[in-house]
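Fair warning: this is a prediction, and the values are worked out from it, not measured in the lab. Naming: A, B, ... by sequence-line order, numbering from 1 per chain.
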Amino acid sequence: MADDLAIDVRGMTKRFGGRTAVDHVDLQVREGEICGFLGPNGSGKTTFIRMLCGLLQADEGSGTCLGRDVIQDSEAIKRQVGYMTQKFSFWEDLSIRENLDFVARMYFVKDRKEVVRESLDRLGLTKRKDQLAGQLSGGWKQRLALAACMIHRPKLLLLDEPTAGVDPRARREFWEEIHELAGQGLTFLITTHYMDEAERCHRLAFILNGKLLTHGRVDEVIEQGHLTTWSVSGPNLLNLAAQLRGRPGVEQAVAFGSVLHVSGSDPAALEQAVAPFRTREREWRQIESGLEDVFIHFMDASKGGGTP
Amino acid sequence: MKGHWEFSLRRFWTMVIKEFIQMRRDRVTFGMMIGIPLLQLVLFGFVINSDPKHLPAAVLLADRGPHGRTLLGAIRNSGYFDFVREARTEAEAQEMLARGEVQFVVSIPENFTRSLLRGDRPAVLVEADATDPAATGNAVGALRTLIDAALSNDLKGPLAFLAPTVGPVDLRIHAMYNPEAITQYNIVPGLMGVVLTMTMVMITALAITRERERGTMENLLAMPAHPAEVLVGKIVPYILVGYVQVSLILVVARALFHVPMAGSLPLLFAVSLVFIVANLAMGIMFSTVAANQLQAVQMAFFFFLPSMLLSGFMFPFRGMPQWAQAIGEVLPLTHFLRIVRGILLKGNGFPEVIRQLWQIAVFAAVALAIGIKRYRQTLD
Ligand SMILES: Nc1ncnc2c1ncn2[C@@H]1O[C@H](COP(=O)(O)OP(=O)(O)O)[C@@H](O)[C@H]1O
Ligand SMILES: [Mg+2]
């Protein structure tokens with residue numbers, strides 16, 4: 001089994017001064033999988049990705065990336081990995097075409113001109129190819145960066161918040177393309193803050209304060225949360241939420257449009273807590289917990305010291 | 001470590017193309033590359049090295065004889081000197097000089113007339129405040145011919161034997177505060193080295209730090225690129241800029257300042273390559289050490305300062321103390337100045353040049369090697 005793992009690392013640790021930014025993180029991602037990498041800002045996602053592609057030296061840890069030793073062999077890894085940085089990192093004083101061309105040359109891409117032309121076409125930037133990259137709007141920069149980091153046909157793509165600031169339509173197109181490429185055998189590690197994107201991943205890893213809190217398929221992660229969730233609809237939900245919060249057994253009471261989700265990890269305690277509010281004008285329904293509920297739960301639990 | 005893979009000419013060339021395009025787009029920097037040499041030439045060549053006249057002078061007249069007056073009259077008539085004060089004592093004269101009230105003190109000693117007539121070649125002391133040698137140089141230069149000519153009228157007929165080749169008076173010039181006056185011929189060729197040092201070091205000192213600050217370094221590091229490909233790739237385009245500067249200065253030196261060009265210009269061009277690369281390499285080295293652009297600029301400045309002061313551009317090299325000469329010998333500018341002045345003014349050829357050139361080459365190699373070694377391949 002080990003040989004079809006695109007990423008297989010253990011104990012990856014990075015310290016900055018006295019602070020541990022990534023703390024013994026293990027991660028396995030199979031070839032052709034899309035792995036969503038989640039966690040609040042500052043939790044160590046970018047640092048972890050940088051260690052994978054040799055941009056930061058790991059203080060501890062071992063493993064392989066595309067079958068190559070992640071500590072010793074980072075030059076070989078670089079050649080087969082596409083890394084899209086969180087912050088736009090292409091040259092703003094080069095044109096769109098020049099940026100793509102530069103990347104293609106650096107990786108010795110065959111039929112370079114043709115590949116660059118196709119890439120521009122796919123981006124829909126052929127007409128603006130001579131425009132400076134610095135003049136592009138945020139969304140277009142994002143798309144250029146994505147196109148550029150895929151131009152050498154990498155086997156593994158590490159995408160750091162690729163859809164931040166991208167409009168919904170472009171996001172959908174992006175995810176369609178990701179799935180198509182994954183179908184062709186490419187592996188993705190994608191960081192995101194969007195739950196709908198997380199749900200489109202084959203596998204999720206959730207990291208908080210440098211520690212991996214949970215790891216698995218979407219349904220597995222939800223199951224690991226051991227969370228019970230009720231959905232309520234009816235009048236004056238805002239008031240209800242305020243009353244529910246703080247009652248023993250209720251961990252979250254969050255409004256989703258016209259319904260309120262109330263969740264907690266102890267089903268009995270939760271049932272007891274909501275019992276006084278189960279009046280006739282409100283409709284109560286037990287539902288499956290959502291990813292977001294589970295993640296908030298994980299975060300609260302690790303902060304408050306409760307049991308996840 | 002992570003540097004086992006090969007230097008690739010293809011990737012190196014890719015870096016060169018990228019840097020060329022970026023350099024072409026960077027109008028401000030490009031303008032500075034042309035503007036700085038022009039500005040320096042104008043400042044050093046015209047403004048500072050102009051031929052100032054009517055400089056304030058004091059006279060200390062201890063002899064009231066007729067020949068002393070003839071002398072003072074002639075000095076005044078040259079237009080270089082205005083006698084604004086008369087000092088009664090030597091101490092008073094010194095004070096005026098120190099305070100900057102006058103730039104010269106002309107002392108006619110006691111018994112001047114008598115000594116002159118006896119053929120004793122009396123001393124005329126001219127003390128010059130040569131803090132700014134360019135300001136006093138011409139005036140001082142004019143003095144000797146002026147005095148000889150003035151007295152030759154007086155010393156006609158029976159006194160004619162007193163006007164032989166050595167001159168009737170012993171003119172003693174004390175250039176105070178700065179013993180050597182620098183001439184334009186010396187300065188303009190020297191400026192070539194100074195301008196190259198100033199601009200070449202600065203431009204590459206910013207090279208790596210700029211990539212870091214703009215965040216593009218992360219991208220570059222994520223690509224398979226050898227440090228030498230990146231660093232040398234950043235150097236190459238600026239060699240061209242260096243040559244533009246060299247040509248510009250030579251044209252101006254010839255057209256405006258009539259600097260003689262005794263030696264071979266092709267030789268000078270060939271030799272300049274080594275010096276340009278040495279400065280670019282120095283900048284690249286700074287740029288791998290500096291944490292940000294400001295630091296890089298500061299380092300470039302700290303390199304520029306001793307280069308200006310200890311290379312023999314500002315002060316005569318042989319006049320400096322041993323330790324300063326020792327530092328000067330390490331600096332590429334010192335050797336380049338000798339080369340340029342040697343080729344242009346003395347007509348030196350390759351054998352003389354190579355004795356200086358190899359030292360610049362060693363400097364370049366060491367700077368580049370340190371740069372490549374220091375180039376961090378991670379973001380740590
Ligand atoms: N180069 C660095 N030097 C010092 N601290 C850093 C550095 N890079 C990241 N950190 C710290 O490490 C932690 C994790 O950061 P990061 O990996 O960027 O988180 P994320 O990508 O999940 O937002 C943060 O607290 C950040 O301040
Ligand atoms: Mg990040």
Legend entry - Over all atoms of both residues, closest heavy-atom pair of A:S89 and B:G215: CB-O, 3.2 Å

Legend entry - chain B contact via A:I77 - which portion, at a heavy-atom distance below 4.5 Å: neither

Legend entry - Atom pair CG/CD1 of A:N99 and B:I21 - distance to nearest 0.5 Å: 9.5 Å

Inset, instruction - Return the minimal non-hydrogen interatomic distance between B:R214 and A:K87, and the atom names on each side. - result: O-NZ, 3.1 Å

Legend entry - Rounded distance [0.5 Å steps], OG1 in B:T14 versus CG in A:D101: 8.0 Å

Legend entry - Side chain A:D93, main chain B:Q22, donor-acceptor under 3.5 Å: no

Legend entry - Proximal component of A:F108, with respect to chain B [non-hydrogen, under 4.5 Å]: both

Legend entry - Proximity breakdown for A:R50 and chain B, heavy-atom pairs closer than 4.5 Å: side chain

Legend entry - Student check: side-chain heavy atoms of B:M223 and A:H152 closer than 4.5 Å: no

Inset, instruction - Decide if atom CG of A:D73 counts as having more than 12 heavy atoms of other residues, nucleotides or ligands within a radius under 6.0 Å. - result: yes

Legend entry - Contact summary for A:R79 and B:P224, nearest pair of heavy atoms: CG-CG, 3.6 Å

Legend entry - Residues B:K18, A:E98; criterion salt bridge (charged side-chain N to carboxylate O under 4.0 Å, His left out); working and verdict: CA-CA 8 Å; B:K18 163 182 165 290; A:E98 285 160 352; over 6 Å; no

Inset, instruction - Heavy atoms only, distances under 4.5 angstrom: which of B:N219, B:L220, B:L221 has the most pairs with chain A? Name it, please. - result: B:N219

Legend entry - Test side chain to side chain contact (heavy atoms under 4.5 Å, CB included) applied to A:F90 and B:T216, step by step: CA-CA 6 Å; A:F90 284 87; B:T216 51; over 6 Å; no

Legend entry - Residue pair B:A225 / A:M106: nearest heavy atoms and the distance that separates them: CB-CE, 3.5 Å

Legend entry - From CE (A:M84) to CD (B:E218), nearest 0.5 Å: 11.5 Å

Legend entry - A:F16 atom CZ, neighbour heavy-atom count above 12 within 6.0 Å: yes

Inset, instruction - Give, for atom CG of A:L56 and atom OG1 of B:T378, the distance between the pair rounded to the nearest 0.5 Å. - result: 6.5 Å

Inset, instruction - Measure A:Y83 against the heavy atoms of chain B and call it side chain, backbone, both or neither at under 4.5 Å. - result: side chain

Inset, instruction - Assess whether atom CZ of B:F301 is packed by more than 12 heavy atoms of other residues, nucleotides or ligands within 6.0 Å. - result: no

Inset, instruction - Could you tell me the separation between the CZ atom of B:R11 and the OH atom of A:Y107, rounded to the nearest 0.5 Å? - result: 10.0 Å

